[in-house]
Amino acid sequence: MSTDPDVPSAPPGALPVVTPARVLAGIALAVPVVALLWVSSYSRMTPALGGVPFFYWYQILWIPVSALFTGSAYLLLNHDAKQRKAAAVRGGGEPR
């Protein structure tokens, strides 16, 4: 329990706000952002793929990879929402 009087305590049967599915979804959304913002990792010309410099094909490769990461985050959050809804129907208990 928190000793801080400003932080309200959760009801005994309430689900936690931070769940493993939500953490994984956040990581899945952060991976493409970090990979593409870290420009020094791909700001070079070699290796070329079919005459296209690395700088360009690396960024193009991240389009479908980002879609996979975003889709997996969606599925994780959708599954978590279904578990929360089922727990609320059962009376606020932990999802099984």
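What you see is a predicted model, and the numbers here were worked out from it, not measured in a lab.
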Beyond-backbone contact of Met45 with Phe55, side-chain heavy atoms, under 4.5 angstrom: no
Other ILVMFWY residues reachable from Leu76 by side-chain steps of under 4.5 Å: Leu24
Any chance you could pull the hydrophobic cluster mates of Tyr74, using side-chain heavy atoms under 4.5 angstrom and chaining through other members? Leu75
Can you pull the side chain to side chain donor-acceptor pair (under 3.5 Å) pairs that have at least one residue in residues 44-58, sequence neighbours excluded? Tyr58-Trp62
Reported OG1-to-NE2 distance for the pair Thr19 and His79, which is rounded to 0.5 angstrom: 9.5 Å
Residue pairs, two or more places apart or on separate chains, that pass side chain to side chain donor-acceptor pair (under 3.5 Å) and touch residues 64-73: none
Measure the spacing between CG of Asp80 and NZ of Lys85 and express it to the nearest 0.5 Å. 12.5 Å
Remaining members of hydrophobic cluster (4.5 Å side-chain criterion), Ile63: Ile60
If two hydrophobic side chains count as joined below 4.5 Å and joins carry through other members, does Leu68 share a cluster with Leu77? no
Could you pull out every donor-acceptor pair under 3.5 Å between side chains of residues 26-41 and any protein atom, sequence neighbours left out?
| unit_1 | atom_1 | unit_2 | atom_2 | d |
| --- | --- | --- | --- | --- |
| Trp38 | NE1 | Ser40 | OG | 3.1 |
| Ser41 | OG | Trp38 | O | 2.7 |

Atom pair OH (Tyr42) and CG (Leu61), whose distance is rounded to the nearest 0.5 Å: 12.0 Å
Is there side-chain contact between Arg22 and Val17, with at least one heavy-atom pair below 4.5 Å? yes
